[in-house]
> 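Take a look at the following structure, please.
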Amino acid sequence: MGEALLIASERLADFVTAIFIAARTRPDFARETAEHLVAANLKGHDSHGVGMVPNYVDAIANGHLAHDAEAEVLEDRGAILRVDGGFGFGQVVGRQATDLAIERARDTGVVTLGLRNAHHLGRIGTYGERCAQAGYVSLHFVNVTGHDPVVSPFAGREARLLTNPFCCAVPRDGERPVLLDMATSAIALGKVRVAYMKEEAVAGDALLDDDGRPTTEARYLYEEPKGSIRPFGLHKGYGLGLVCELLAGALAGERTIQPKHPRPNAIINHMLMIVLDPDLFGGSATFATEVEAMADYLRGTPAAEGHDRVRLPGDPEAESMERRLAQGIPIDDNSWADILAAAGRAGLSDDEIDALTSAGRAG
Ligand code: NAD
């Protein structure tokens, strides 16, 4: 396998926008989705970046992704909003739902919004960052339905859940937020996909083979016989993944991964989102002072052996972004070949693909 390509982020966003437009997506939705994916790559989450493009192009073609759908309010009860995503681009309907919650929180102080039937919402931290930018604390519980489970419950050897992400964003004065944004599996499925594409081993004991034994081979998630991904943190990660399933799936989405529901190999995300004005609790000034004191206290911890320093959640993403904005986004050969093939399936000609990609390589 050759060296990974390095591609400048703006050119990558232009290329991905063109692919989605060729697949009949509205230009503004194509651009928004492309920029969300490229931002995920910039922040180091290749699992939720442009590697998803082939999946989305195929989902449009087979009717699992309604490319022009918008978020629709089903029920408006003040601080409670129920919103349907119409199986539209998660990056679009997720942002629209987040904006509805932020707008409403200006009146009600706290909002609980259930978003159901979004296609893949991508990097959930995107919505947390948006709330934090508006000055709000937010909690996001997400489940994934529509395809076979890949995550085994603690002590189980067969998959019963998906990677159900949890996110919490806490705004800071003049600084980027504290942003905890994580899959509840030991490793995000997309990271197993990236390892599979790169033909690399998956480090640690995140994966189980079909007999429930630890394995480093990503093929157990993509080829028969199928294994599973463990939950993170043993029974605790399993518990949080289940909470996401119940709050996002049973409550907001009215559909969990339980086996009576169809699994047509689509990616459907449901999200329960709580948006909260910190000024409601003792005043935002006290809150900001305490948040900053804790940030300093934690970052000042002496580093343990094998580590350079203590970070806050969200720091690794900011560091990756600085590096990749300067150096370009690395894309492995297999993923790039898949994206080029998807561009062709979407309707771009070879000449158009060449024109869109040739000048974009940073190295
Ligand atoms: P991860 O394990 O890389 O990071 C998880 C969290 O830990 C992040 O908040 C990160 O900032 C923090 N972190 C990492 N290293 C740290 C350190 N040294 N010190 C302090 N904090 C640190 O993320 P993940 O679990 O692989 O998830 C990747 C992405 O996948 C997330 O953006 C998530 O939203 C997304 N996801 C989406 C779906 C979906 O269905 N849409 C499903 C699963 C995951």
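Residues: numbered from 1 along the sequence shown. First listed ligand is number 1; within each ligand, the first listed atom is number 1.
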> Can D14 and R31 be counted as an ion pair, charged N to O under 4.0 angstrom?
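The answer is yes: the pair qualifies as a salt bridge.
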
> Salt-bridge test for D68 and R24: reply yes if a basic N is under 4.0 Å from a carboxylate O, no otherwise.
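Salt bridge absent between D68 and R24.
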
> So which heavy atom in the protein is nearest atom 6 (C) of ligand 1, and how far is it from that ligand atom?
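Residue, atom and distance for the closest contact: D181 O, 3.5 Å.
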
> Less than 3.5 Å between some nitrogen or oxygen of G125 and one of ligand 1, yes or no?
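So ligand 1 has no N or O lying under 3.5 Å from an N or O of G125.
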
> Looking at T163, which atoms of ligand 1 are within less than 4.0 Å of one of its heavy atoms?
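The list of qualifying atoms is 42 (C), 43 (C).
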
> Would you find more than 12 non-hydrogen atoms of other residues, nucleotides or ligands less than 6.0 Å from E223 atom CD?
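Yes, the 6.0 Å shell around CD holds more than 12 heavy atoms from other groups.
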
> Check R176 with D315, please: is the shortest side-chain N to carboxylate O separation under 4.0 Å?
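Answer for the salt bridge query: yes.
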
> Could you tell me, atom by atom, which parts of ligand 1 come under 4.0 Å of a heavy atom of I124?
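Going through ligand 1 atom by atom, the ones under 4.0 Å from I124 are 34 (O), 41 (N).
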
> Taking both backbone and side-chain atoms of S47, is any N or O found less than 3.5 Å from an N or O belonging to ligand 1?
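In this structure, S47 places no N or O atom under 3.5 Å from an N or O of ligand 1.
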
> Quick check on the 6.0 Å ring-centre criterion: do Y238 and F232 meet it?
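Aromatic pair excluded; centres sit 6.0 Å or further apart.
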
> Measure the acute angle between the ring planes of H140 and Y127, then classify it against the limits of 30° and 60° as parallel, tilted or perpendicular.
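The rings of H140 and Y127 sit tilted, inter-plane angle from 30° to 60°.
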
> Using a strict cut-off of 4.0 Å, indicate which atoms of ligand 1 neighbour a heavy atom of E317.
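Checking each atom against E317, I get 8 (C), 10 (C), 11 (O).
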
> Should R157 and D210 count as an ion pair when the cut-off is N to O under 4.0 Å?
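No, no charged N to carboxylate O under 4.0 Å.
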
> Using distance alone, determine whether R123 and ligand 1 share an N or O pair under 3.5 Å.
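So ligand 1 has no N or O lying under 3.5 Å from an N or O of R123.
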
> Say whether V144, considering both its backbone and side-chain N or O atoms, lies within less than 3.5 Å of an N or O atom on ligand 1.
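No, since none of the N or O atoms of V144 sits under 3.5 Å from an N or O of ligand 1.
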
> Counting from 1, what ligand 1 atoms have a heavy atom of A183 closer than 4.0 Å?
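Selected atoms, number and element: 24 (P), 25 (O), 27 (O), 43 (C), 44 (C).
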
> Contact between V142 and ligand 1, counting heavy atoms under 4.0 Å?
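Contact absent.
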
> With atoms numbered from 1 as shown, which atoms in ligand 1 lie under 4.0 angstrom from a non-hydrogen atom of G314?
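Here the atoms of ligand 1 in question are 11 (O).
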
> Is there a nitrogen or oxygen of K191 sitting under 3.5 Å from a nitrogen or oxygen of ligand 1?
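Checking ligand 1 against K191, an N or O pair does fall under 3.5 Å apart.
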
> Is atom 2 (O) of ligand 1 in close reach of the protein, with a heavy atom under 4.0 Å away?
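When distances to the protein are checked, atom 2 (O) of ligand 1 has no heavy atom within 4.0 Å.
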
> Contact between ligand 1 and C167 is defined here as a heavy atom of the residue under 4.0 Å from a ligand atom; is it met?
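The answer is no, since C167 has no heavy atom less than 4.0 Å from ligand 1.
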
> Is R219 positioned over the aromatic face of Y222, cation under 6.0 angstrom from the ring centre and no more than 45 degrees off axis?
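Not flagged: R219 not positioned over aromatic ring of Y222.
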
> Measuring from atom 41 (N) of ligand 1, which candidate in C244, P165, S185, G122 has the nearest non-hydrogen atom?
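Comparing heavy atoms across C244, P165, S185, G122, the nearest one to atom 41 (N) of ligand 1 lies in G122.
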
> Identify the closest protein heavy atom to atom 36 (N) of ligand 1: which residue and atom is it, and at what distance?
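Answer for atom 36 (N) of ligand 1: H48 NE2, 3.1 Å.
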
> Considering heavy atoms of the protein only, find what lies nearest to atom 40 (O) of ligand 1 and give residue, atom and distance to 0.1 Å.
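The answer is N269 ND2, 3.1 Å.
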
> Identify the closest protein heavy atom to atom 15 (N) of ligand 1: which residue and atom is it, and at what distance?
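Here the closest protein heavy atom is P316 CG, 3.5 Å.
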
> Any carboxylate oxygen within less than 4.0 angstrom of a Lys/Arg side-chain nitrogen, looking at K198 and D332?
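Result for this pair is no, no salt bridge flagged.
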
> Give a yes or no on whether a salt bridge exists between D308 and R311, defined as a side-chain N under 4.0 angstrom from a carboxylate O.
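Judged by the 4.0 Å cut-off on N to carboxylate O distance, D308 and R311 do form a salt bridge.
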
> On the 0 to 90° scale, with breaks at 30° and 60°, tag the F166-F141 ring pair as parallel, tilted or perpendicular.
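Judged by the thresholds at 30° and 60°, the geometry between F166 and F141 is tilted.
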
> Are H48 and H36, when compared by the centres of their aromatic rings, separated by less than 6.0 Å?
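No; H36 has its ring centre 6.0 Å or more from that of H48.
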
> Any idea which atoms of ligand 1 are less than 4.0 Å away from a heavy-atom of A188?
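Those qualifying, in numeric order: 26 (O).
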
